[in-house]
Amino acid sequence: MPEISAATERRLRDAMERLLTGAAIRTDGRLIKENLYREAGVSRATMNRATAVMDEWARRVDGSQPRDREIESLRSSLADRAAQIKQLRERVSSLEAQLTIAATAIAELHVENQLLRGDDPSHNVTPMKRPNADSRRG
């Protein structure tokens with residue numbers, strides 16, 4: 001099996017570094033072999049002949065991608081935010097219920113105060129005016 005040139009190995013190693021650091025130029029940055037040979041600008045067969053580079057790739061990639069960790073972090077953050085939103089919605093519902101109870105109590109007290117003052121709007125009784133002293137003499 002023919003070996004690859006030093007220049008090709010350098011291109012593969014440079015491409016590997018760009019992918020591992022998240023600075024891909026020619027690909028979407030996922031840590032897959034297809035992106036490695038495309039990022040390096042070589043064929044898949046040429047990449048497969050670079051056994052030393054492929055061994056290093058296997059060691060360094062180790063099945064976990066930096067973007068996967070970032071996605072997991074974002075998912076975790078999203079789950080935390082969803083739980084927080086749920087708690088806040090429950091709190092808002094509780095406060096709305098308390099507000100309704102308070103408004104009802106205030107309305108009842110208002111009516112009670114009107115009754116105590118004699119300002120009962122539910123009765124259509126108009127107080128009669130007392131005749132004044134001048135009109136009785138007449």
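Sequence positions, counted from 1, serve as the residue numbers for this chain.
Residue Leu19 comes nearest to Trp57 through the heavy atom pair CD1-CH2, 3.9 Å, listed as atom of the first residue, atom of the second, then distance. What you find for Val53 and Met16 is that their closest heavy atoms are CG1-CE, 3.6 Å. Closest approach of Arg26 to Ala40, counting heavy atoms only: NH1-C, 3.6 Å.
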Worked check of side chain to side chain contact (heavy atoms under 4.5 Å, CB included) between Leu36 and Met54 = CA-CA 10 Å; Leu36 177 61; Met54 295 312 298; 4.2 Å; yes
Next on the checklist: Please evaluate residues Asn48 and Tyr37 with respect to the criterion side chain to side chain contact (heavy atoms under 4.5 Å, CB included), reporting the C-alpha separation (whole Å), side-chain torsions for both, the decisive distance (0.1 Å), and the verdict.
Outcome noted: CA-CA 9 Å; Asn48 287 332; Tyr37 71 80; over 6 Å; no
Worksheet entry | Test log, rule salt bridge (Lys or Arg N to Asp or Glu O under 4.0 Å), inputs Arg18 and Asp14 | CA-CA 6 Å; Arg18 285 195 304 274; Asp14 290 346; 5.3 Å; no
*asked:* Apply side chain to side chain contact (heavy atoms under 4.5 Å, CB included) to residues Leu12 and Met47 and explain how you reach the verdict.
replied: CA-CA 7 Å; Leu12 281 164; Met47 176 191 72; 4.1 Å; yes
Practice problem: Show the numbers, then the answer: is there a salt bridge (Lys or Arg N to Asp or Glu O under 4.0 Å) between Glu17 and Arg60? | Solution: CA-CA 10 Å; Glu17 289 304 317; Arg60 293 183 70 185; 2.3 Å; yes
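Checking side-chain atoms of Ser93 against main-chain N and O of Arg89 turns up a donor-acceptor pair under 3.5 Å. Under a 3.5 Å cut-off, the side chain of Glu39 and the backbone N or O of Ala24 do not form any donor-acceptor pair. Remark: side-chain polar atoms of Ser94 are not paired, donor with acceptor, to backbone N or O of Glu90 under 3.5 angstrom.
Side-chain atoms of Thr8 and Arg11 form no donor-acceptor pair, as typed in the model, at a separation below 3.5 Å.
For the pair Gln98/Leu95, a side-chain contact is recorded, criterion being any heavy-atom separation below 4.5 Å from C-beta on.
Between the CZ atom of Arg13 and the CG atom of Leu20 there is a distance of 11.5 Å, given to the nearest 0.5 Å. To the nearest 0.5 Å, the span separating CG on Asn113 from CD1 on Ile106 amounts to 11.5 Å. The distance from atom CZ of Arg75 to atom CG of Asp80, rounded to the nearest 0.5 Å, is 14.5 Å.
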